[in-house]
Amino acid sequence: MRQEVFMAGMGGQGVLLAGQLLAQAALEAGLELSWFPLYSPEVRGGRATCTLVIADGEVGSPVVGQPGSVILMDGIAVDNHLNRVRAGGLAVVNSSLAGDEIKRDDIDLVAIAATDVAVELGSEQATNMVLLGAYVQASGVVEAQAIEDALHRVLPERHHDYIPTNVAALQHGAQLAAEQLQ
Amino acid sequence: MRQEVFMAGMGGQGVLLAGQLLAQAALEAGLELSWFPLYSPEVRGGRATCTLVIADGEVGSPVVGQPGSVILMDGIAVDNHLNRVRAGGLAVVNSSLAGDEIKRDDIDLVAIAATDVAVELGSEQATNMVLLGAYVQASGVVEAQAIEDALHRVLPERHHDYIPTNVAALQHGAQLAAEQLQ
Amino acid sequence: MPERQLITGNEAAAEGAIAGGCRYFFGYPITPQNKIPEYMSAHLPEIGGVYIQAESEVAAINMLYGAAATGAWAMTSSSSPGISLMQEGLSYMIGAELPCVLVNMVRGGPGLGNIAPAQSDYWLATRGAGHGDGRCLTFAPFSVQEIYDLIGQAFPIAQRYRNPVMILADAVLASMREPCVLRERLDPPEEKPAWAVGGRRRGRQRNIVNSLWTDPPVMEEVNLRIQQRYEEAAQNETRWTEHGADAPEILVCAYGISARICQTAIEHAAEAGIACRLIRPISLFPFPTEVIADWAQRVKKVLVVELSMGQFIEDVRLAVEGACPVEFFGRTGGVLVTPEEVAERIIEIA
Amino acid sequence: MPERQLITGNEAAAEGAIAGGCRYFFGYPITPQNKIPEYMSAHLPEIGGVYIQAESEVAAINMLYGAAATGAWAMTSSSSPGISLMQEGLSYMIGAELPCVLVNMVRGGPGLGNIAPAQSDYWLATRGAGHGDGRCLTFAPFSVQEIYDLIGQAFPIAQRYRNPVMILADAVLASMREPCVLRERLDPPEEKPAWAVGGRRRGRQRNIVNSLWTDPPVMEEVNLRIQQRYEEAAQNETRWTEHGADAPEILVCAYGISARICQTAIEHAAEAGIACRLIRPISLFPFPTEVIADWAQRVKKVLVVELSMGQFIEDVRLAVEGACPVEFFGRTGGVLVTPEEVAERIIEIA
Amino acid sequence: MFRVIIDQQCCKSCGLCVEFCPQSIIELSSDMNEAGHHPAVVISEQDCTGCQMCALMCPDVCIEIYRIKVEAEASA
Amino acid sequence: MFRVIIDQQCCKSCGLCVEFCPQSIIELSSDMNEAGHHPAVVISEQDCTGCQMCALMCPDVCIEIYRIKVEAEASA
Amino acid sequence: MNTLATTKTIQPIYTRPDSLTDVQMRYCPGCTHGIAHRLVAEVLDELDLKDRTIAIATVGCSVYAYEYFDTDAVQAAHGRGPAVATGIKRCQPDTIVFTYQGDGDLAAIGLAEVLHAAARAENFTVVFINNAVFGMTQGQMAPTTLMGQKTTTTPLGRSVEQGGYPLNICELLAQIPGVAYLARETMTSPKRVRHAKRSLKKAFQVQAAGLGFSLVELISSCPTWWHMKPLEALQWIEDVMVEQYPLKVFVDKLEQGEQAEKNL
Amino acid sequence: MNTLATTKTIQPIYTRPDSLTDVQMRYCPGCTHGIAHRLVAEVLDELDLKDRTIAIATVGCSVYAYEYFDTDAVQAAHGRGPAVATGIKRCQPDTIVFTYQGDGDLAAIGLAEVLHAAARAENFTVVFINNAVFGMTQGQMAPTTLMGQKTTTTPLGRSVEQGGYPLNICELLAQIPGVAYLARETMTSPKRVRHAKRSLKKAFQVQAAGLGFSLVELISSCPTWWHMKPLEALQWIEDVMVEQYPLKVFVDKLEQGEQAEKNL
Ligand SMILES: Cc1ncc(C[n+]2csc(CCOP(=O)(O)OP(=O)(O)O)c2C)c(N)n1
Ligand SMILES: Cc1ncc(C[n+]2csc(CCOP(=O)(O)OP(=O)(O)O)c2C)c(N)n1
Ligand code: SF4
Ligand code: SF4
Ligand code: SF4
Ligand code: SF4
Ligand code: SF4
Ligand code: SF4
Ligand SMILES: [Mg+2]
Ligand SMILES: [Mg+2]
């Protein structure tokens with residue numbers, strides 16, 4: 001088993017946190033993995049991306065040109081990275097910020113209005129969790145519960161208040177993905 | 001024509017000045033030449049050496065392992081360098097400071113009590129000139145007059161007072177060498 | 001401490017050093033390695049160690065010189081411009097035969113450049129160490145676990161050869177998170193080396209740490225002694241790994257993060273029907289010349305992959321010595337290569 | 001000025017620079033090149049130039065960076081430890097594509113070492129220039145006249161390739177006196193390069209001198225542009241001389257003072273019946289690879305002579321590429337070789 | 001009368017203009033600009049005294065201030 | 001009584017002891033030592049007061065000073 | 001019936017200074033680096049120096065200063081701004097040169113360069129932003145960090161044992177005769193901002209008059225690494241920092257010159 | 001007849017200090033580097049510190065200091081003595097560490113290192129030899145060279161334009177709270193030599209008491225590059241140098257401590 005997921009979005013959207021949660025969950029599941037962030041030096045806001053490779057054996061390259069799956073958190077991310085997904089792969093996309101012109105027929109495309117969902121849940125910040133929930137559901141790479149557990153490990157104590165909202169967001173995302181994939 | 005002369009003595013004995021005068025004289029004679037000094041880091045006084053190669057064509061190596069000729073200003077210089085002279089070469093040695101145990105049969109050896117001569121002339125400092133005069137006489141590499149001319153060029157104006165003594169020393173050295181070589 | 005932790009390369013470097021016995025850190029912040037001094041500032045004082053933020057990299061390397069002179073197990077870390085500033089100090093450490101460990105998390109250059117991953121300090125690491133004939137023993141890990149393991153080993157190696165040891169990595173390895181098995185923290189040896197200064201109350205002869213030898217033959221002897229140690233290190237410390245086909249058509253040479261990328265690239269190439277073998281030097285100086293020379297006799301071509309304009313390739317070419325063509329694939333300035341691109345290049349040259 | 005003067009290598013470097021158009025000098029004293037700043041401090045102000053004694057070599061190279069940014073023809077000079085301290089600044093100059101000229105009168109190392117002649121900064125000169133992929137264009141004169149001539153040419157070369165140019169010599173060449181033919185002093189060009197800063201009163205777009213490119217592909221472009229210039233330099237500036245037999249048995253490779261020594265050594269060898277040819281690279285980067293590769297096909301062996309533990313030899317081996325055995329004769333730490341010793345070594349390997 | 005123009009894209013919602021306006025006529029908007037900030041807006045420009053405190057304290061040079069003179073002229 | 005010992009090989013003839021001896025009892029010798037210097041010598045040690053000025057000013061630590069006490073004892 | 005016509009005149013009373021480009025600055029919200037930039041630009045405008053100015057950006061959060069000042073510009077290695085300025089000014093004495101340096105840049109790695117430039121009486125201006133922290137590299141201790149202040153490398157607060165005492169740069173420079181203008185200001189209120197501008201203006205005037213080295217230290221906020229809101233950060237400067245770093249004009253040779261003239 | 005027997009006792013009243021080796025120093029005739037060495041050695045003897053002292057030789061005429069002090073020793077890169085001392089002292093806090101630095105070493109290339117060591121209140125001692133010139137490299141201008149003084153790189157005398165103003169190191173250091181003892185002395189007469197020794201002794205006492213950074217500046221002669229006879233050189237110090245560099249105890253925390261105790 002070797003799964004690659006590339007995530008991209010605007011700085012502050014929680015791209016890296018989503019990646020770290022998934023990485024932590026994989027770790028707890030006894031898998032091998034490699035996660036690395038790259039920041040790009042855009043003027044406004046800046047952009048963040050990260051790549052996570054999960055495997056049950058040696059991970060090999062942490063750098064992936066054509067990832068098997070992606071989580072794209074806004075329009076710019078979609079513009080820049082959707083075409084990189086390998087045929088047969090999976091893309092989870094935030095349709096709240098990416099518009100509707102998302103087109104690829106050769107991959108599984110899960111479009112979630114994640115920002116809208118998050119705002120509904122009372123915290124725009126949870127957009128990343130909605131998308132992560134959807135991704136976990138669609139990819140099956142780890143158990144949904146494992147992400148919830150990871151929240152407790154990765155978030156600093158002082159942010160544990162946010163966990164319930166985050167869990168709700170994860171679940172919402174998972175549900176929406178499940179619906180779409182049916 | 002290629003002549004090499006290596007000079008060595010105690011720091012302050014004027015080894016470098018002697019070398020520079022000879023170099024200057026060779027320059028004026030239209031010859032090619034290369035002169036370089038090396039200081040050795042002895043504790044007391046320090047030691048000075050220089051090598052001068054004079055040629056009518058390309059000079060080639062300024063560094064010489066076995067020089068054709070040497071001027072050795074004291075006993076340490078004799079101990080360290082006399083054996084380096086090429087067979088058939090020339091050594092001009094300050095016998096005032098080098099004792100009498102100077103032995104090489106395969107070279108022309110001119111032993112001058114240069115310090116004594118210089119002291120007699122009223123300036124111990126002129127020891128180097130006595131030896132240089134002897135060397136020029138013995139080697140014939142440049143005209144004696146050329147060294148006297150070089151004194152005016154090489155010595156800073158404020159030291160031109162010393163020139164007469166130096167000239168006398170040069171001439172004395174030359175004369176003694178001529179006597180020995182007869 | 002739990003067995004397997006998800007930590008960054010920077011954390012692995014810091015904790016690995018502590019676990020290996022390092023108790024003194026002198027450094028100056030620079031991205032992308034800031035988490036190393038930050039970790040040290042938090043953890044060294046807890047265990048009786050010392051963290052000093054130097055006023056500059058020039059000061060840092062000279063503090064390290066002083067620390068090393070006492071026989072302490074000390075380190076610094078920095079990134080490209082900071083390592084440039086340490087060149088004089090490194091030369092002094094080598095001249096005075098002092099051990100130390102330094103980390104270079106290489107970033108894109110030259111000049112201020114950027115903070116993206118690069119391997120363009122290969123020469124600086126393997127040929128650098130300032131003026132004179134000295135060099136740093138240089139190791140290039142390619143995973144978080146290997147950073148942790150190698151830096152721990154770096155301290156005794158530095159002591160054994162009385163020479164600086166450099167851990168050469170890059171911005172990706174620095175910020176990468178991977179599972180890492182942590183060992184118990186070792187204490188450094190209590191007994192100081194015989195040459196260390198520290199006051200002579202124990203009645204020994206006085207010790208002098210020095211790199212000034214005005215007499216050239218004496219200076220040459222020092223150099224020969226150093227060179228002798230390098231040869232010993234070549235015997236004992238040359239390290240590399242090999243991956244891939246046993247009867248390869250193409251030999252791929254890469255180190256550090258590039259080698260990780262090539263690991264996957266040669267699988268892609270294999271899928272395209274091209275058998276490759278990857279040789280990954282772990283020690284860059286001493287360099288695994290022989291194994292490359294050996295394989296070079298048996299392949300069609302060698303491909304060198306590095307994140308620079310062609311530095312590492314010279315060591316490979318010195319090993320191959322004309323036995324077969326050596327091709328190059330490199331990007332620089334912080335641009336990463338992907339396994340797909342490398343595979344393409346393999347197919348192109350095959 | 002009289003035609004032929006007996007001057008030292010240091011004086012030749014200083015006067016040659018002035019004659020070539022240099023008007024700005026920033027430096028910090030260090031033996032064996034002190035006569036260069038001393039000469040500059042006496043002569044530059046006389047002709048409207050500027051001599052500034054920097055507080056350190058780190059400051060000196062950065063003053064040079066500022067001066068170069070204005071389009072001024074500026075230089076510094078130093079010796080080994082000082083050049084080590086300039087590594088970061090050099091990398092910045094390369095990154096910002098700034099020209100300058102620097103002299104390294106190499107002394108024995110590593111560390112404080114001594115002040116005797118050495119060639120152990122070969123890597124520092126040709127691979128150095130700090131972090132990143134940049135390099136200094138490097139020229140190695142072997143006589144006082146050649147120091148004078150080359151340094152004059154170094155300024156336009158630096159401008160043309162917008163890159164630092166290093167003149168690499170040693171303690172013997174620095175203090176050696178030889179006849180030197182002096183030219184008239186040239187003025188630097190009045191017109192400043194288009195990229196130079198200086199206030200924009202002339203109505204042009206503003207100029208920015210910079211080496212920060214956070215976007216890796218942009219940084220890579222800068223590197224490719226620099227590399228492109230190095231390739232042009234390889235076309236235009238590769239220089240070497242050849243001496244000796246036309247059908248040699250042994251090819252001797254040496255540069256700078258070693259090459260002077262070898263000139264006489266191959267005569268000794270010829271007397272002993274061994275035909276040698278001496279190739280003396282004048283430009284060390286770009287390196288005269290082809291001519292060495294060519295001759296390597298036609299000789300029994302190559303002998304490399306250098307005053308270090310084996311640095312220059314790598315460039316020779318990269319050129320020879322296994323075509324024949326490459327033997328080494330080197331001393332280090334300030335020890336000179338003699339023509340007799342080299343000749344002996346030639347006889348030994350022939 | 002004064003016109004206070006706050007560049008809505010440039011503002012980073014630091015709130016310093018809000019704090020230092022003696023007239024308390026600046027607020028942070030609930031809208032978000034492209035960079036994700038809630039930009040400052042002037043809520044009752046008519047009360048502006050043109051004192052420039054806001055502009056003096058704005059770290060992002062987002063604020064420009066103009067005096068608007070409206071003069072009545074008698075005409076035939 | 002004092003004994004002033006000036007190491008003749010170590011002395012560099014700087015003359016500072018000569019200048020600073022309040023008793024003016026030090027001079028530079030006309031002899032030359034191995035390093036070519038004319039070392040300082042004490043010319044009338046009996047006048048020495050043991051004030052140590054010479055030793056305080058000697059940059060080469062060539063000077064040692066001893067007090068010599070000669071006591072007479074009556075014996076049988 | 002008489003009609004009443006109105007004319008409306010629009011008179012700019014505060015607009016973006018000409019010496020700033022229209023590039024948006026990358027500083028964090030509320031960071032007073034931005035105010036400092038604006039003030040320098042206003043001074044260049046008012047003294048009409050923009051077209052002969054060369055700005056020197058150093059390494060720190062203000063590394064992109066070359067994008068913001070609409071002048072010729074040079075980006076310098078960390079700490080070496082004053083050396084670079086020396087090179088520039090010595091070759092182009094008719095330009096106006098200033099470095100813009102943080103406290104890490106100037107007081108840590110670059111301390112020797114700034115002091116020596118002052119001692120050489122180099123005729124350029126230093127704008128010194130003291131925010132008691134290395135901002136760009138993520139909040140490590142600076143030489144100017146206050147005792148007890150927590151940073152990413154003094155997690156328990158700066159202590160004498162681990163970090164030593166804060167360095168007061170102006171107090172050091174005040175000892176050096178090559179200094180022609182020297183002041184410490186801050187930007188915590190409109191009044192302070194005006195004072196700061198006055199000092200900056202003097203510094204550039206001193207340079208234009210060729211009187212020697214000038215430096216204005218601006219106590220500046222770093223809301224991000226102080227972990228404070230922008231306003232709180234200004235308050236902390238007033239409450240805490242200004243005690244360690246008193247606001248003061250240390251040297252003013254322009255004033256002295258004018259005084260001297262008046263006394264004639 | 002009664003015979004009169006005499007006993008002769010020989011009592012050393014001045015001998016070579018134990019903390020000096022018997023290696024002859026390589027300084028030029030009359031160079032006061034030698035006096036400075038002797039004084040340091042005497043102080044180490046008197047305080048019985050020799051066996052736990054580490055001397056740091058820097059680069060300058062005193063580069064061979066490691067041959068002269070009979071203690072453990074480390075030779076440091078030019079200007080970096082205080083950084084090296086920091087490394088040593090932090091790893092071996094129970095040792096006594098001193099650097100011996102010239103004015104080129106300390107005030108030119110090493111200015112940042114000494115100031116930062118002081119700011120960190122590093123607990124070691126600096127012996128600072130100010131001879132207004134780079135002696136070892138043949139008489140170039142130092143930061144401490146006086147205005148108008150001719151050196152090999154100020155052939156017309158130091159001028160503001162080419163060399164700037166002299167740097168007064170003690171006056172700079174006096175601004176730094178980490179400094180526990182700070183004095184400027186010279187060695188131009190027996191009295192001055194005694195004062196110098198007293199200050200050196202205090203500096204080492206301060207270190208032994210763990211009070212922080214100590215430095216004694218010794219105005220020293222360089223007969224060779226001043227082109228003066230040894231005595232003339234001492235006279236020039238008294239007549240000229242001491243005006244630029246006033247002799248003074250700037251900081252004395254030992255005294256302050258004692259004072260404080262007395263006041264109880
Ligand atoms: C030689 C070198 N060392 C370290 C760095 C990393 N670095 C970049 S900025 C900086 C400090 C910035 O602090 P400061 O000067 O106070 O500016 P601020 O960001 O606080 O405005 C450091 C250490 C570097 N770029 N170069
Ligand atoms: C990096 C470096 N730069 C320059 C030198 C050359 N150098 C040796 S000593 C010295 C200055 C010595 O002057 P000072 O410190 O005043 O000591 P003094 O000889 O006057 O006692 C210099 C510049 C060096 N050794 N290393
Ligand atoms: S100009 Fe004065 S009154 Fe008007 S908005 Fe700004 S701060 Fe408020
Ligand atoms: S001060 Fe400027 S950046 Fe801050 S809120 Fe007001 S307009 Fe926006
Ligand atoms: S001890 Fe005093 S009196 Fe005696 S020789 Fe020395 S200086 Fe003169
Ligand atoms: S002071 Fe010392 S060195 Fe000088 S003359 Fe007297 S004994 Fe000799
Ligand atoms: S990190 Fe601090 S100094 Fe830097 S921009 Fe942000 S607030 Fe300003
Ligand atoms: S050169 Fe000057 S400082 Fe150096 S030993 Fe000679 S007199 Fe003393
Ligand atoms: Mg700061
Ligand atoms: Mg000095």
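First the proteins, then the strands, lettered A, B, ... as listed; each starts at 1.
- Note that the CZ atom of C:Phe139 and the CD1 atom of C:Ile157 stand 4.0 Å from one another [nearest 0.5 Å].
- Only the side chain of H:Val59 comes within contact range of chain C, judged by heavy atoms closer than 4.5 Å.
- When heavy atoms are compared at a cutoff of 4.5 Å, C:Val197 approaches chain H by way of both its backbone and its side chain.
- Looking at C:Leu212, both its backbone and its side chain come within 4.5 Å of chain H, counting heavy atoms on both sides.
- Side-chain atoms of C:Tyr148 never come within 3.5 Å of backbone atoms of C:Ala19 as a donor-acceptor pair (strictly under, hydrogens ignored).
- For C:Ala196, the part lying under 4.5 angstrom from a heavy atom of chain H is the backbone only.
- Proximity to chain H (any heavy atom under 4.5 Å) is shown, for C:Ile61, by neither the backbone nor the side chain.
- Ring geometry, C:Phe26 versus C:Tyr24: the interplanar angle falls under 30°, so the pair is classed parallel (tilted spans 30 to 60°).
- If you measure heavy-atom distances from C:Ala69 to chain H, the contacts under 4.5 Å come from the side chain alone.
- Top candidate by heavy-atom pairs under 4.5 Å with chain C, chosen from H:Thr71, H:Thr53, H:Val63, H:Leu49, is H:Thr71.
- Among C:Val50, C:Ile208, C:Val58, C:Leu64, the residue with the largest count of heavy-atom pairs under 4.5 Å with chain H is C:Ile208.
- Salt bridge status for H:Lys201 with H:Glu46: present, with a side-chain N to carboxylate O gap under 4.0 Å.
- Under the 30°/60° scheme for interplanar angles, the aromatic rings of H:Tyr27 and H:His37 are found to stand perpendicular.
- Enclosure of atom CD in C:Glu191 is not indicated, since only 12 or fewer non-hydrogen atoms of other residues, nucleotides or ligands lie within 6.0 angstrom.
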